[in-house]
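Structure first, commentary second.
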Amino acid sequence: MKRKVLLIYTGGTIGMEKNYKTGSLVPFDFSSVFKRIPEMNLLECEVSVYPFKKPVDSSDMGPAQWRMIATWIYKNYKNYDGFLILHGTDTMSYTASALSFMLRNLGKPVILTGSQLPIGDLRTDAKENLLTSLYYASLYENDQAVIQEVAVYFEYKLLRGNRSLKYSAEFFDAYQSPNYPIIGQSGVHLNVDKNVLWRPNGEVELDDYLNENVLFWRIFPGMNFESLLEIKTAEAIILQVFGSGTIFNNETTQNVLKELRNRGVEIVVISQCISGGVHFGKYINSDIFTRIDAISGKDMTAESAITKAMHLLKNPRYNKSFSELFSKSICGEITEDF
Ligand code: ASP
């Protein structure tokens, strides 16, 4: 039986070609993708293409587009066996993380991919990324989807979406998930590590709630920490601190953090290191976080912490505290016993 995949094309380098006269990259008509990659006709799945009316650079993607994609997937959930989103690489991990929180209990694959070079380029990485993603998006065993979560496929690796991050603007191997094992790898065979896959516990649900009053703040030596008080709209701050959770051990820092907490601002602490994470109490310079009831983002990526905060902050669906909700894994984005 031929599996059906819905391919949502949003934009990014993957859908561009070089204008050899001017040298600049311009989007091509994505509905002609079957002509450009005739191999797509040889796949054992049936692909329907649903392009954005106006393809966007992924730096223009945000909550409005995430909601749109999540809703398309939800509305078409029964009609397709898998979903593939072609996306610019710059913010793909944000979209993947946001979708993982908005589309709960997926029983089918939602794969995101893109490329570093356009499809029309002779040395392009787009073809492999696209074709193998289609394989993963249509991979079934005993009538069950093998992947039942949001994942990013890039350069032979399938990663959990909300654990992924773009770490290179240069290499084809541009994505990593430093704090979670690779869930699938494509070589001569298409492999999946079944021990590390996410599994739903209920029926698929859409919750497209996103609160944009989330601020991300990376500290640095010598910064004016008090300037944090000037942003009055922030209701949750993701504070990206040093190493395993340290910050300046001085009075100003304490006063600023206390003042923010008095205002009711939620503070989530994550690490500037891409691998490992935050352990409150490991150093004296993290004790302040325990005193002000900050939340440890443990081993989460910045992309995941930001979109999770957007999704949970004052979400009317829940009656638990933000802190309690944030500390729990929704779909494998955090190691609870880190
Ligand atoms: N600027 C592009 C984007 O993210 C880069 C890419 O697709 O690789 O849309």
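Since the model is a prediction, treat every value here as computed from it, not as a measurement. One-based numbering, in listed order, for ligands and for the atoms of each.
Using a 30° and 60° split on the angle between ring planes, Phe248 and Phe225 fall in the perpendicular class, above 60°. Ring geometry for Tyr167 versus Phe171: interplanar angle of 30 to 60°, hence tilted.
Defined by atom type and a distance below 3.5 Å, a donor-acceptor pair is missing between the side-chain atoms of Asp287 and Thr290. A donor-acceptor contact closer than 3.5 angstrom links the side chains of Thr335 and Arg163.
Checked by distance only, ligand 1 and Asp90 come closer than 3.5 Å through their nitrogen or oxygen atoms.
Remark: among candidates Pro118, Ser58, Gly11, the nearest residue to atom 4 (O) of ligand 1 is Ser58, based on non-hydrogen atoms.
Listed by atom number, the atoms of ligand 1 under 4.0 Å from Gly12 heavy atoms are 7 (O), 9 (O). Residue contact check: Asp57 has heavy atoms under 4.0 Å from atoms 1 (N), 2 (C), 3 (C), 9 (O) of ligand 1.
Counting heavy atoms closer than 4.0 Å to ligand 1, residue Ser115 contributes backbone atoms (N, CA, C, O) but none from C-beta onward.
With hydrogens left out, the protein atom closest to atom 6 (C) of ligand 1 is Thr13 OG1, 2.9 Å, a heavy atom. Of the protein's non-hydrogen atoms, Thr89 OG1, 2.5 Å is the one closest to atom 8 (O) of ligand 1.
For the pair Arg36 and Phe28, the cation-pi test (distance below 6.0 Å, angle within 45°) is passed.
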Query - Working for ring pair (Phe, Tyr, Trp, His ring centres under 6.0 Å), residues Tyr80 and Trp72 - result: CA-CA 11 Å; Tyr80 292 92; Trp72 279 351; over 10 Å; no
